[in-house]
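Atoms considered below: every heavy atom in the structure, side chains included; atoms not considered: hydrogens, waters and symmetry mates.
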Amino acid sequence: MQLPGSRGPLSAGLCTDLASGDSISPSTAAAAETLLAATTDPLLDDDLQLSLAICYELHYRGFDDVADAWEWDPELLRLRARLEQRHTAALRALVGDVAATGAPVDQQLTALIAADDGPSLSRHLARSGTLAQWQEYLTLRSVYHLKEGDPHTWAIPRLGGRAKAAMVEIQADEYGGGSAERMHSQLFAGMMSDLDLDTGYGALWDHAPAVAFTAVNTMSLFGLHRALRGACLGHLAAVEMTSSEPSRRYSSGLRRLGFGDATTVFYDEHVEADAVHEQIASVDMCGSLVAEEPSLLADVLFGAACSLALDGLTAVHLLGAWEAGRSGLFAEPALAA
């Protein structure tokens with residue numbers, strides 16, 4: 001994967017340092033402090049979110065011509081921690097206090113989901129989404145779905161017992177049950193290809209808006225910090241519990257545009273798999289975790305609330321742009337050859 005284009009002084013400095021240096025430059029450190037002092041909405045700040053995504057990507061597949069040693073560079077990790085602090089504080093402000101009750105965890109997750117009243121992208125794309133809007137939506141979602149499963153998988157070694165076994169069961173399906181061509185990331189790439197989009201890993205980063213990185217950065221934050229393992233599981237549970245019906249609508253929208261089963265297989269797979277995963281995630285995974293570590297209940301609910309709220313941010317961003325007659329992307333990509 002190539003380093004992305006910059007969105008501001010911090011991401012520009014990071015890319016320059018990673019490509020040509022062996023330490024964080026004073027100018028990049030200064031750019032981070034300036035950005036942190038100036039930004040009023042970290043979750044929608046293009047420079048902050050891209051910079052955090054660049055830091056996290058070193059733990060995934062890295063970048064072409066960037067030394068692997070950068071992954072654990074102390075100065076880079078210190079800079080990343082400063083960005084994470086602002087990101088986490090903004091998440092807390094976004095979701096507010098999520099009150100826990102004495103009810104079983106799965107019932108509390110269900111109640112949290114039922115109370116969510118955010119706008120629905122799936123309904124719009126099913127009923128009236130144009131091909132151009134679908135291309136924009138898939139461009140945004142490619143930031144996550146081309147690495148689908150990976151951010152949550154970081155939590156597996158941090159678990160034990162039934163919670164660990166349940167999470168492995170879910171994640172095994174994300175990775176195609178051992179079949180490379182059935183991996184969800186591969187199915188998503190096939191759908192992108194059918195809609196004339198570049199399927200290269202990270203190829204569309206330059207076109208994705210801040211909200212695309214905000215969603216994935218939140219997953220990476222939860223997965224890479226043992227202290228947030230409860231939030232990671234809660235986030236995954238909310239994804240699994242809210243995916244089946246929207247996936248059915250997304251399939252319907254693509255078929256309305258004339259695409260067949262070979263294109264809709266990504267969503268068709270989620271209709272079936274996530275209906276099964278819902279109980280595994282809420283009862284076996286989150287329920288077992290909280291039974292073993294009751295102090296993590298608040299984190300589980302926080303992670304679930306973040307998943308719902310960030311889906312809402314994405315919907316507001318795209319639907320607002322389309323209603324105004326403009327693109328929802330940071331920059332519009334050229335169609336793949």
Participant: Does Arg61 qualify as a cation-pi partner of Tyr201, given the criterion of NZ or CZ under 6.0 Å from the six-membered ring centre and within 45 degrees of its axis?
Facilitator: yes

Participant: Does Arg141 make a cation-pi contact with Phe188, if we ask for NZ or CZ under 6.0 Å from the ring centre and within 45° of the axis?
Facilitator: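 Cation-pi check for Arg141 and Phe188: fails.
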
Participant: Under a 3.5 Å threshold, yes or no: a donor from one side chain and an acceptor from the other, between Glu181 and Ser179?
Facilitator: yes

Participant: Examine the side chains of Thr263 and Asp194 and answer whether a donor and an acceptor come within less than 3.5 Å of each other.
Facilitator: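 Checked: Thr263/Asp194 side chains pair up, N/O donor to acceptor below 3.5 Å.
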
Participant: For the pair Arg7 and Asp46, find out whether any cationic side-chain nitrogen is under 4.0 Å from an anionic carboxylate oxygen.
Facilitator: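 Judged by the 4.0 Å cut-off on N to carboxylate O distance, Arg7 and Asp46 do form a salt bridge.
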
Participant: Using the six-membered ring of Tyr56, assess whether NZ or CZ of Arg80 lies under 6.0 Å from its centre and within 45 degrees of the ring axis.
Facilitator: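 No, a cation-pi geometry is absent between Arg80 and Tyr56.
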
Participant: Following the transitive rule for hydrophobic clusters with a side-chain heavy-atom cut-off under 4.5 Å over Ile, Leu, Val, Met, Phe, Trp and Tyr, establish whether Met183 and Met167 coincide in one cluster.
Facilitator: no

Participant: Could you tell me how the ring of Phe266 sits relative to the ring of His270: parallel (under 30°), tilted (30 to 60°) or perpendicular (over 60°)?
Facilitator: tilted

Participant: Do Ser244 and Glu278 get their side chains close enough for a donor-acceptor pair, meaning under 3.5 Å?
Facilitator: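 There is no such pair between these side chains.
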
Participant: State, yes or no, whether a side-chain contact exists between Glu169 and Lys164 at a heavy-atom distance under 4.5 Å.
Facilitator: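 No. Closest side-chain heavy atoms not under 4.5 Å.
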
Participant: Cut-off 3.5 Å, side chains only: do Ser142 and Thr139 have a donor facing an acceptor?
Facilitator: no

Participant: Against Trp322, only a single residue in His317, Glu136, His124 fulfils side chain to side chain donor-acceptor pair (under 3.5 Å); can you say which?
Facilitator: Glu136

Participant: Can you see whether Ser252 engages Tyr267 through a side-chain donor-acceptor pair at a distance of less than 3.5 angstrom?
Facilitator: no

Participant: Using a strict threshold of under 4.0 Å (side-chain N to carboxylate O), is an ion pair present between Glu292 and Arg162?
Facilitator: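 Salt bridge flag = no for Glu292 with Arg162.
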
Participant: Verify the distance criterion only: is there a donor paired with an acceptor across the side chains of Arg255 and Thr264 at less than 3.5 Å?
Facilitator: yes

Participant: Side chains of His145 and His184: is there a donor and an acceptor less than 3.5 Å apart?
Facilitator: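 The criterion, which ignores hydrogens and geometry beyond distance, is not satisfied for His184 and His145.
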
Participant: Assess the side chains of Gln171 and Thr153: does a donor N or O sit below 3.5 Å from an acceptor N or O?
Facilitator: yes

Participant: State plainly whether the residues Glu57 and Lys147 are in salt-bridge range, i.e. N to O under 4.0 Å.
Facilitator: yes

